[in-house]
Amino acid sequence: MLLDSQPRIRLIGGETPLEPAERLSRMLGIPLCFKRDDLMSLGMGGNKVRSLEFWLGEALSRGCDTILVGGLPQSNLCRLTAAACAKAGLSCIIVHNAAQPAHGSVPQGNALLNRLMGVQTLYCGPVDEHRRMDFIRQQAASLGSLGKKPYIIGDPVTGALGYVAAALELCAQAGRLTLQVPLRHIFISASAGPTETGLLFGLCLTGGVTVHLVSVEYDEATFWSIADEIFAGLEQRLGIRPPLRPREIARFYGQYLGNGYGVPTPGALDAVRTLARAEGIFVETVYNAKVLHGLLDQAHQGALPPDEGVCFYHTGGTPALFGQAAQFMEEI
Ligand SMILES: *Cc1c(COP(=O)(O)O)cnc(C)c1O
């Protein structure tokens, strides 16, 4: 169908669960369910696996043999790229924009998993994303001169294809879920763009759902300038113009971001505990805890009608929680 013409490898096997959150629903007075993209068999799961189906599909279709990926030491993207490369039999090089860790320091969370997978890891110092990409391009060029065929992970339109697929999967599942009411609201993080823009694209095709975008990184104008470009790229790539426009089906929240990307807020830390105690489910503090804080706060304010189904889209990243222990030290 829609995505059949796009190169893809299969990394997920089937659907991720869509399940009711019964105790939290009762506490909030709204019918709530969770889309569990934290539950996948590969590499402890997460949203990046859906994008990697298309990134690695593209890499293989171009005959590439060495995958380069950049991120911070606790990047979920780097961990899942390494895992997907292990499964696909590709070599993987991770570039962290951080200082080389001190000799003998103990890796935590995603850094530990990367170590266990034995991927080559380079450190380009504490520079911004643009300087990191310059460094990755230099590495790719020198691999090319050695006869390798490098592929750099990260094209946002290719990555977004995974979440066009996820939107269609979620709509099909919602029709089967016994929430008693139709699914009308989805809460998800607004960050670098591929995940939420792919989801918006799919839901602009189907209609009927409002996407609540909780910022974990950018202000609204910056976010939309990124998302609009990815959306237009998807229209071009797939040769289809959805009848709805993304802003018509979205609401953006900047008020749960706090002091910026990766900086925890008291509300987010509380949300981690609330979810753990109500449902026995865990979220990390960079992405999902801020989204959950937004959902809890909107529900408490009465902004979500009691007869409309709400979905919290869990994008994974849970191994990062083990690198975040110090954030919870005041009151665990
Ligand atoms: C990367 C990531 C996101 C954000 O996805 P984008 O497509 O970059 O917006 C959300 N949640 C988790 C756990 C992530 O690792």
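For ligands, and for the atoms within them, numbers begin at 1 and follow the listed sequence.
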Which ligand 1 atoms does [X] reach within 4.0 Å, using its non-hydrogen atoms?
X      : answer
Gly316 : 13 (C)
Ser191 : 4 (C), 9 (O)
Gly317 : 13 (C)

Quick test of your reading of the model: are [X] and [Y] salt-bridged, counting only N-O distances below 4.0 Å?
X      : Y      : answer
Asp228 : Arg247 : yes
Arg131 : Asp134 : no
Glu22  : Arg26  : no
Arg245 : Glu235 : yes

Any nitrogen or oxygen of [X], main chain or side chain, under 3.5 Å from a nitrogen or oxygen of ligand 1?
X      : value
Ala192 : yes
Ser189 : no
Asn76  : yes

For [atom], grab the closest protein heavy atom and report residue, atom and distance to one decimal in Å.
atom                    : result
atom 11 (N) of ligand 1 : Thr315 OG1, 2.6 Å
atom 9 (O) of ligand 1  : Glu196 OE1, 2.8 Å
atom 1 (C) of ligand 1  : Lys48 NZ, 1.4 Å
atom 6 (P) of ligand 1  : Thr195 OG1, 3.5 Å

Exercise. Do other residues, nucleotides or ligands put more than 12 heavy atoms under 6.0 Å from the CD atom of Glu220?
Worked result: yes
For this session: Using a cut-off of 6.0 Å, state whether more than 12 heavy atoms not belonging to Gln255 lie near its atom CD.
Result: yes
Problem set entry | ring-ring contact (aromatic ring centres under 6.0 Å, His included), paired with Phe231, selected from Phe201, Trp224, Tyr163 | Phe201
Exercise. For ligand 1, is any non-hydrogen atom under 4.0 Å from Asn47's backbone (N, CA, C, O), its side chain (CB onward), both, or neither?
Worked result: side chain
For this session: Heavy-atom distances under 4.0 Å are what count here, so tell me which part of Pro194 touches ligand 1: side chain, backbone, both or neither.
Result: both
For this session: List the steps and the verdict of side-chain contact (heavy atoms from CB on, under 4.5 Å) for Ile94 and Thr81.
Result: CA-CA 9 Å; Ile94 291 176; Thr81 300; over 6 Å; no
